[in-house]
Amino acid sequence: MAQITSGVRRLLAAAHVYDLFQWLVGADAARATLARDFIRAQPGQRILDIGCGTGAILAHLPAVEYYGFDLSADYIAAARQRFGNRGTFWPERVTSASLERVPQCDIVITVAVLHHLDDDEALQLFGLAHAALRPGGRLVTYDNCYTADQSRLSRWIVSRDRGQNVRWEPEYRALAEKVFARVRTVVSHKVLRIPYTSIFMECEK
């Protein structure tokens with residue numbers, strides 16, 4: 001089983017395989033929900049996407065000033081090919097230095113990133129997001145999580161994720177509240193086509 005899981009993780013490193021997998025599990029519907037109910041972007045707003053992947057969230061956003069960072073050069077190449085000048089994309093980790101290239105933003109997004117980070121790394125991300133936001137700006141996150149009422153199949157699928165730091169809902173909230181004063185979380189078991197438990201988090205500066 002470990003060899004199979006490792007092989008799947010390697011395959012998902014390829015942008016076209018990752019996008020196909022996302023389509024199969026219904027991730028586009030999750031992104032639509034994220035954009036409509038949580039990001040709520042208005043035309044002209046500045047948006048920073050930390051861990052933007054192939055930039056697929058842009059398909060659900062209005063005409064915004066979009067900046068995307070991702071460690072995968074392959075994902076960034078796919079984002080540039082699909083969206084062109086609709087966004088500015090960098091194949092690198094977000095740091096304090098890289099934020100000097102980005103004007104203060106109205107919204108920061110991080111999709112399926114926190115469950116890949118340990119607590120110290122997650123706190124660093126929250127700190128960078130806070131620094132990137134204008135006063136009153138918001139950080140919006142989406143990840144998988146554990147809850148007491150999720151199905152056994154959902155818990156099994158979530159536990160097989162590439163990310164090794166999937167948390168319970170109160171653990172995500174506690175980390176966010178160390179940096180942001182106002183945090184709202186929403187948990188859903190019905191976002192994807194497969195049995196899955198997702199957490200949306202909205203943090204206001």
Side-chain angles (χ1 to χ4, degrees), residues 6-35 38-39 41 43-118 121-133 137-144 161-166 192 198 200-201:
S6 177
V8 170
R9 289 170 179 165
R10 285 196 298 270
L11 284 172
L12 289 175
H16 67 285
V17 176
Y18 175 77
D19 280 341
L20 175 61
F21 175 78
Q22 293 279 296
W23 176 80
L24 288 172
V25 301
D28 200 54
R31 284 189 287 266
T33 298
L34 179 69
F38 298 94
I39 299 174
Q45 286 188 319
R46 291 178 180 145
I47 293 182
L48 169 64
D49 193 348
I50 300 175
C52 66
T54 58
I57 192 66
L58 259 174
H60 302 279
L61 300 179
V64 296
E65 192 175 326
Y66 177 94
Y67 303 90
F69 287 81
D70 198 279
L71 286 174
S72 170
D74 195 39
Y75 286 5
I76 290 296
R80 287 171 173 165
Q81 182 176 14
R82 179 178 178 185
F83 294 105
N85 61 7
R86 279 203 61 193
T88 302
F89 302 94
W90 288 287
E92 61 186 75
R93 183 186 300 275
V94 174
T95 64
S96 297
S98 58
L99 286 181
E100 294 178 2
R101 287 177 258 151
V102 180
Q104 279 204 310
C105 293
D106 300 285
I107 304 168
V108 174
I109 310 168
T110 176
V111 178
V113 172
L114 289 172
H115 68 276
H116 290 274
L117 307 178
D118 64 28
E121 292 168 332
L123 286 173
Q124 289 176 17
L125 185 149
F126 284 124
L128 288 168
H130 192 276
L133 287 167
R138 295 176 296 116
L139 165 67
V140 178
T141 76
Y142 169 79
D143 281 275
N144 49 22
D161 192 277
R162 287 188 294 171
Q164 299 301 296
N165 293 284
V166 180
L192 300 182
S198 305
F200 301 90
M201 191 156 54

Minimum heavy-atom distance between [X] and [Y], given as atom pair plus value:
| X | Y | value |
| --- | --- | --- |
| E65 | P103 | OE2-CG, 3.8 Å |
| I76 | C52 | CD1-SG, 3.7 Å |
| A41 | P62 | O-CG, 3.5 Å |
| L61 | A35 | CD2-CB, 4.2 Å |
| H60 | D28 | NE2-OD1, 2.9 Å |
| L139 | L133 | N-CD1, 3.8 Å |

With a 4.5 Å heavy-atom cut-off, do [X] and [Y] have their side chains touching?
| X | Y | result |
| --- | --- | --- |
| Y142 | T33 | no |
| N165 | L117 | no |
| L114 | F126 | yes |

We want to know whether H116 and D143 form a side-chain donor-acceptor pair, criterion being a heavy-atom distance below 3.5 angstrom.
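No donor-acceptor contact under 3.5 Å links the two side chains.
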
side-chain contact (heavy atoms from CB on, under 4.5 Å) for E92 and F69? Distances and angles first, verdict last.
CA-CA 6 Å; E92 61 186 75; F69 287 81; 3.7 Å; yes

Using atom types as modelled and distance alone, determine if a side-chain donor or acceptor of D70 lies under 3.5 Å from a backbone N or O of G53.
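Looks like yes, one N/O pair under 3.5 Å.
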
F200 and F38 aromatic ring geometry - parallel, tilted or perpendicular at 30°/60° bounds:
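It falls in the parallel class, under 30°.
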
Evaluate the ring planes of W90 and Y67, with Trp represented by its six-membered ring, and classify them as parallel (under 30°), tilted (30 to 60°) or perpendicular (over 60°).
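W90 vs Y67 ring planes: parallel.
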
